[in-house]
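Please read the structure below before turning to the comments.
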Amino acid sequence: MPYWLMKSEPDELSIHELQRLGRTRWDGVRNYQARNFMRNMQQGDLFFFYHSSCPEPGIAGIARIDGPAYADPTALDPHSHYFDAKASAEKNPWSALDVAFVEAFERVIPLAELKAQNALLELPLVQKGSRLSVMPVTGAQWAAILAIR
DNA sequence: GCCAACGTTGGC
DNA sequence: GCCAACGTTGGC
């Protein structure tokens, strides 16, 4: 079973909001590489929930993929922040999927700590210039992060 | 708010 | 197909 990491701005959706909801739709991804990873996800896959663009960027918990990717409805909604005028119901290039809460860590593991781990050097999250918002995590990386949680 | 780095767009 | 310009991401 592959592991993943996905970024969310906590103002949009935080791990604690997901905990309250139990389950929600993960949408608004507008990058092809990230979208392709989402299409490769399977029900039951676990991912680290990363808080980005906030006072305390870092990994805040764990959630689970709750079903296969489907067409992202926000791309077709003119009132959505994620509206894409070039998308149509027939040809919608963007994908969303449902996710379920698993665990909120007692602390957010700060980005600086992740960057200091030799075991995570290959993780796109910590690489200079990388802005990828959805990425695979190897079993070894997963274990290394759990070990410092 | 700044700015480095990136992805996308569009003229040629 | 090249590449400059632009908009966005996201840490600091």
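Computed from a predicted structure; not experimentally measured. Each chain gets a letter, A, B and so on, in the order the sequences are listed, and its residues count up from 1. Hydrogens, waters and symmetry mates are skipped; everything else that's a heavy atom, side chains included, is used.
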A/Ile109 with A/Leu146, same ILVMFWY side-chain cluster at under 4.5 Å: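 The answer is yes; both residues are in one hydrophobic cluster.
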Which residues in residues 107-120 of chain A have at least one heavy atom lying under 4.0 Å from any atom of DNA chain C?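 Heavy-atom cutoff 4.0 Å gives A/Leu111, A/Lys115.
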Please report the distance, rounded to the nearest Å, between [atom1] in [X] and [atom2] in [N].
X: A/Tyr50; N: C/dG10; atom1: OH; atom2: C1'; result: 8 Å
X: A/Lys128; N: C/dG11; atom1: NZ; atom2: C1'; result: 11 Å
X: A/Met135; N: B/dC6; atom1: CE; atom2: C1'; result: 14 Å
X: A/Lys7; N: B/dC6; atom1: NZ; atom2: P; result: 12 Å
X: A/Arg35; N: B/dT8; atom1: CZ; atom2: C1'; result: 15 Å
X: A/Asn36; N: B/dG7; atom1: CG; atom2: C1'; result: 14 Å
X: A/Lys86; N: B/dG10; atom1: NZ; atom2: C1'; result: 11 Å
X: A/Tyr82; N: C/dT8; atom1: OH; atom2: P; result: 13 Å

Using 4.0 Å as the upper bound for N to carboxylate O, is an ion pair formed by A/Asp66 and A/Arg23?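 Result for this pair is yes, salt bridge flagged.
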Would you mind checking if A/Arg35 and A/Asp72 are paired as a salt bridge, meaning a charged N to carboxylate O distance below 4.0 Å?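 Looking at A/Arg35 together with A/Asp72, the answer is no, because their closest N to O distance does not fall below 4.0 Å.
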Hey, do the aromatic rings of A/Phe49 and A/Trp26 have their centres closer than 6.0 Å?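 Ring centres of A/Trp26 and A/Phe49 closer than 6.0 Å.
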Would a line drawn from the ring center of A/Trp94 to the ring center of A/Tyr32 be shorter than 6.0 Å?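 Yes, ring centres under 6.0 Å apart.
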So if I take every side-chain heavy atom of A/Asn31 and compare against B/dG7, C/dG11, C/dG10, which nucleotide ends up nearest?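 Taking heavy atoms from C-beta onward, the closest nucleotide is B/dG7.
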Rounded to the nearest 0.5 Å, what separates atom CD1 in A/Ile148 from atom CG in A/Leu114?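 With rounding to 0.5 Å, CD1 (A/Ile148) is 5.0 Å from CG (A/Leu114).
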Go through the N and O atoms of the side chain of A/Arg131 and the base of C/dT8, and report whether any donor-acceptor pair is under 3.5 Å.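 A donor-acceptor contact between them is present.
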